[in-house]
2 protein chains.
Amino acid sequence: MEAVRGKRSDAMRNEQKLLAAAAEMFLEAGVDAPIREIAARAGVGTGTIYRNFPTRADLVIAVYKVQVEACAEAGPSLLAARESAFEALEEWVDLFVDFLVTKHGLAHAMQSDMSGFEALHAYFLERLVPVCGDLLTAATKADEVVSDIKPLELMRGIGNLCITREGDPTYNPRHLVDLLLRGLQAH
Amino acid sequence: MEAVRGKRSDAMRNEQKLLAAAAEMFLEAGVDAPIREIAARAGVGTGTIYRNFPTRADLVIAVYKVQVEACAEAGPSLLAARESAFEALEEWVDLFVDFLVTKHGLAHAMQSDMSGFEALHAYFLERLVPVCGDLLTAATKADEVVSDIKPLELMRGIGNLCITREGDPTYNPRHLVDLLLRGLQAH
DNA sequence: TGAGAAGCGGGACGTTGTTCCACTTACGAT
DNA sequence: ATCGTAAGTGGAACAACGTCCCGCTTCTCA
């Protein structure tokens, strides 16, 4: 038995930089953003991407996981940091919309591996529905939201609003999501 | 007023060869089949494709129209040529499944132009639902089909069975469509 | 501090989309 | 039948991208 040597620290840093850069690029240019540009933004070579994430799907999945986690953790901390629960909800939804770009791209990137996709989807629901629920409950208790919409229902609605062909300038998901949220408020 | 000179005969021939080759390639390799290969199969240069069909969507649309028409015309003639109405239905559905590959690819190829896509979809329904209806009616009258399924319902069912990520070897739409048709039969 | 392993960058190559133009061919006038 | 011409053609050339690979750099541990 040989003890496995841990990952080198610079390698770990590169992986983080890569994930951050990929997340940005996905937002700006979709999940089909050129490998070269992602590498350039992260300040690494293309070889480094291929070593860490052999296929595009691997990279998308990794970003997906990071974002699910970030989204899940952001819920409680926003709730604690903001005066208004509704404001926290708004900011959280904004993060959630960012994340949906990756999520929708995921299906496209995982053309084969359907079972893997469903596993990730289950993870996503399990992790985020309660977070959204807490935000909604808090906002409702503060009388900032009157609708008794269920968390999953809201998330699905937002998700559907974000289904769009990339590069269509006549459709702005974020605007519609904003309108939806305003609809939740007491007037 | 200048009289417009008609299209040259060799140009017309090339357009036909191109449409036939493209239809084959779409079936074998999906609507993203390389331009070069389509051109090679048709025995023309890539330039010829770009002159006739400036964008990939143009080519897909042209193939789509040809196939809707072929499918529509095949209905009555199969009904006349075959002994059994059910057999005619089976063969027609087989053509229909071929066509669906192009149809589903169409949505992908027309990422922008959604209104144009819906126009084509309306044309498709208008033209094919009655044809499918005639085949169903004939098979029902011959007591070869017992279900009273509506044409549109059947076509939607088949269409949904054919939704699959290309290159997934674990899912064979044709097999499932076959099972569906068997379900229509009296036993 | 030095040797060896781990990791890195980016050059090189293959594939595909797209443009362009010198050459070929069909058509209509004569 | 012949010929001038516009329409049409093929494929070379270029650009953008994914992918592989290897000489060099950097970290780690003793």
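Please read these numbers as outputs of a predicted model, since none were measured by experiment. By convention in this document, chain letters (A, B, ...) are assigned in the order of the sequence lines, proteins followed by strands, and residues within each chain are numbered from 1.
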Open item on the list: Side chain of A:Arg56, heavy atoms from C-beta onward: which of C:dG10, D:dG18, C:dC8 has the nearest atom to it?
Closed with: D:dG18
- [ ] Please tell me which of A:Lys17 and B:Thr48 maps to the more 5' nucleotide of DNA chain C, matching each residue to the nucleotide holding its nearest heavy atom.
- [x] A:Lys17
TODO: Determine whether B:Met12 and B:Leu18 fall in the same hydrophobic cluster, where Ile, Leu, Val, Met, Phe, Trp and Tyr are linked whenever their side-chain heavy atoms lie under 4.5 Å apart.
DONE: no
- [ ] Write down the distance between CZ (B:Arg8) and C1' (D:dG10), rounded to a whole number of angstrom.
- [x] 13 Å
TODO: Select base, sugar-phosphate, or nothing to describe what A:Arg51 touches, counting heavy atoms under 4.0 Å on all strands.
DONE: base
Task: Residue met sooner reading DNA chain D from 5', once A:Pro34 and B:Gly43 are mapped to nucleotides - done: B:Gly43
Task: B:Ile35 CD1 to D:dA16 P, straight-line distance once rounded to whole Å - done: 18 Å
Task: Length of the line joining A:Gln16:CD and C:dC8:P, which is rounded to integer Å - done: 13 Å
- [ ] Starting at atom CZ of A:Arg36, determine the distance to atom P of D:dG18, rounded to an integer number of angstrom.
- [x] 7 Å
Task: Electrostatic pair A:Arg182:A:Asp178 at N-O distance under 4.0 angstrom - done: yes
Open item on the list: Strictly below 4.0 Å, N to O, side chains only: are B:Glu90 and B:Arg82 in salt-bridge contact?
Closed with: no
Task: Distance in angstrom units between B:Asn14 CG and C:dA26 C1', rounded - done: 13 Å
Task: A:Glu37 CD - D:dA16 C1' separation (whole Å) - done: 10 Å
Task: Atom NZ of A:Lys17: over 12 foreign heavy atoms under 6.0 Å - done: yes
- [ ] When you get a sec, tell me which of C:dG17, C:dC8, D:dT9 is the closest nucleotide to the side chain of A:Asn52?
- [x] C:dC8
Open item on the list: In this structure, how many angstroms lie between the C1' atom of C:dG17 and the CG atom of B:Asp32, rounded?
Closed with: 12 Å
Task: Any A:Ser9 side-chain nitrogen or oxygen under 4.0 Å from OP1 or OP2 of D:dT28 - done: yes
- [ ] Indicate whether any N or O donor in one side chain lies under 3.5 Å from an N or O acceptor in the other, for A:Thr137 and A:Asp134.
- [x] no
- [ ] Would you mind reading off the distance between B:Asp10 atom CG and D:dG10 atom C1', rounded to a whole angstrom?
- [x] 13 Å
